[in-house]
Amino acid sequence: MMSPGRTASCRLLRPASWLSLLQGSQRSAGGAPRRELIKKHDLGKNELRPLYMDFQATTPMDPRVLDAMLPYQVNYYGNPHSRTHAYGWESETAMENARQQVADLIGADPREIVFTSGATESNNMAIKGVARFYQAKKRHVITTQTEHKCVLDSCRVLEAEGFNITYLPVQKNGLLDLEMLEACIRPDTCLVSVMTVNNEIGVKQPIKDIGQICRSKGVFFHTDAAQAVGKIPVDVNDWKVDLMSISAHKIYGPKGVGALYVRRRPRVRLEPLQNGGGQERGLRSGTVPTPLAVGLGAACSIARTEMEYDHYRVSMLADRFIQKILSEIPDVVMNGDLEQRYPGCINLSFAYVEGESLLMALKDVALSSGSACTSASLEPSYVLRAIGTDEDLAHSSIRFGIGRFTTEEEVDYTAEKCIQQVRRLREMSPLWEMVQEGVDLKSIKWTQH
Amino acid sequence: MAASTRSQVLSLYRMMLKESGRFPSYNYRSYALRRVRDAFRANRKVEDPKSVERLMEEGRQALALIQRQVSIGKMYGVQKTVVE
């Protein structure tokens with residue numbers, strides 16, 4: 001899959017082997033029987049609920065958001081596209097208000113915001129829409145290996161349609177190599193897609209620099225900012241971003257709604273995925289769910305005012321947590337760059353401990369190993385594989401999420417339990433015993449019986 | 001209406017804390033208590049009567065919001081979390 005006339009700096013993983021990793025994990029998520037070590041069970045009536053430390057999977061709704069949404073669920077139930085009566089008008093006003101709130105958060109114009117059903121739909125729209133619109137002249141799309149599954153899967157579909165996709169590798173710290181990106185852009189590249197903050201390891205990509213490169217080369221730049229919007233300052237003009245995906249349920253809003261930012265100057269054209277009555281500038285037909293849109297708007301507006309306060313708190317709690325863990329147990333690796341990250345997403349690998357068993361042992365805390373989308377299969381996460389984590393460390397990684405509602409008590413409790421369980425599991429591990437005795441594990445010859 | 005006196009501000013503060021403490025959900029309760037306290041603390045030095053009045057109005061609306069959300073929380077009960 002080497003592009004003709006390119007230098008060796010663009011030599012990359014062959015798509016076949018890379019995609020088979022993805023297919024492997026998808027097959028098990030699909031229909032084939034899969035082993036589940038953590039059995040699903042309903043909480044008994046008097047059982048205490050686990051602490052929620054999985055803020056990257058989803059977030060609880062902020063009470064202020066629910067309060068904004070309820071009137072539109074109860075009394076103001078009109079269709080915002082009804083032009084002939086007050087029910088429609090008040091619904092439309094609410095929807096446009098919400099649009100303004102979303103736009104204000106990212107520094108955009110409200111006419112550039114399209115409401116969708118979530119970041120997955122936004123990603124699909126952006127990637128397939130842009131690629132298909134410009135397919136006459138441009139047949140190349142660039143993305144990274146650590147993107148969300150929906151981005152990678154959309155690219156796979158495009159490949160089947162005859163596009164060339166480049167999946168750029170990332171460095172060991174999870175960041176993209178800017179020179180490699182620049183070298184890979186060809187005259188027929190139409191889109192570059194790089195997520196702002198990774199949902200598994202929390203790494204923050206140099207979006208401003210990538211935007212600069214793409215703008216200078218005349219290539220559209222899409223970023224999946226679902227984990228970043230409302231948590232770190234985002235400005236689509238400063239960053240020179242042309243398309244941005246937003247998800248409500250990652251920023252304390254309702255599930256089932258998101259938005260796509262589509263730049264108007266210079267104009268980005270999209271082939272719509274969903275056709276119909278021409279709502280949302282023809283890009284996404286269908287009734288806009290007013291209560292959900294209002295919820296997204298409220299979540300964005302709250303995030304805007306609370307960003308500094310939340311960021312300070314999340315950083316403080318994250319430091320507290322990491323300090324506690326690292327000072328008490330050895331052989332813990334934090335995956336992803338230590339500086340360029342969002343503090344609320346902490347992915348730790350505990351050597352000589354199996355991830356699933358640690359999750360089972362920490363049953364009082366809601367955590368995940370790998371992202372929610374991939375935790376069904378027993379394959380280690382492809383993101384960890386992309387940053388070059390050793391097979392055994394990849395299996396023992398857990399993602400801790402800290403958010404607006406996390407308290408010091410929850411962080412302390414989680415750290416305590418984690419330390420306790422890691423020690424206990426290591427006691428039982430023969431590998432740990434060998435390491436303590438000074439055996440170099442890599443020199444062991446494992447034989448089969 | 002005359003600008004809010006110190007005692008009115010304190011009274012609003014106390015009412016908000018009391019109402020926040022009635023959230024059934026641990027996370028919402030701890031957040032509301034902390035946020036109310038930090039917001040009042042941050043605005044302690046505000047002198048200009050117009051700003052004070054504006055903040056007081058925001059506070060009263062927030063109090064009404066908390067009251068509504070506390071009721072909703074109580075309607076749909078939930079068990080306690082491990083740290084409680």
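Each chain gets a letter, A, B and so on, in the order the sequences are listed, and its residues count up from 1. Worth saying up front: this structure is predicted, and the values here are computed from it rather than measured.
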Turns out that what part of A:R313 lies under 4.5 Å from chain B's heavy atoms comes down to side chain
Residue [X] excluded, over 12 heavy atoms near [atom1] under 6.0 Å:
| X | atom1 | result |
| --- | --- | --- |
| A:Y76 | OH | no |
| B:Y13 | OH | yes |
| B:K74 | NZ | yes |

Separation between CZ (A:R404) and CZ (B:R34), nearest 0.5 Å, reads 10.5 Å
In this structure, CD of B:Q67 is separated from CG of A:D67 (nearest 0.5 Å) by 11.0 Å
If one checks every heavy atom of B:I72 against chain A at 4.5 Å, the contacting part turns out to be side chain
What heavy-atom pair brings [X] and [Y] nearest, and what distance separates the two atoms?
| X | Y | answer |
| --- | --- | --- |
| B:N27 | A:F405 | ND2-O, 3.0 Å |
| A:T407 | B:S30 | CG2-OG, 3.2 Å |
| B:V83 | A:L51 | CG2-CD2, 3.7 Å |

*Ignoring hydrogens and angles, state whether a donor on the side chain of A:Y309 or B:D38 is under 3.5 Å from an acceptor on the partner side chain.*
yes
In the structure I gave you, are the side-chain heavy atoms of B:Y26 and A:E410 within less than 4.5 Å of one another anywhere? yes
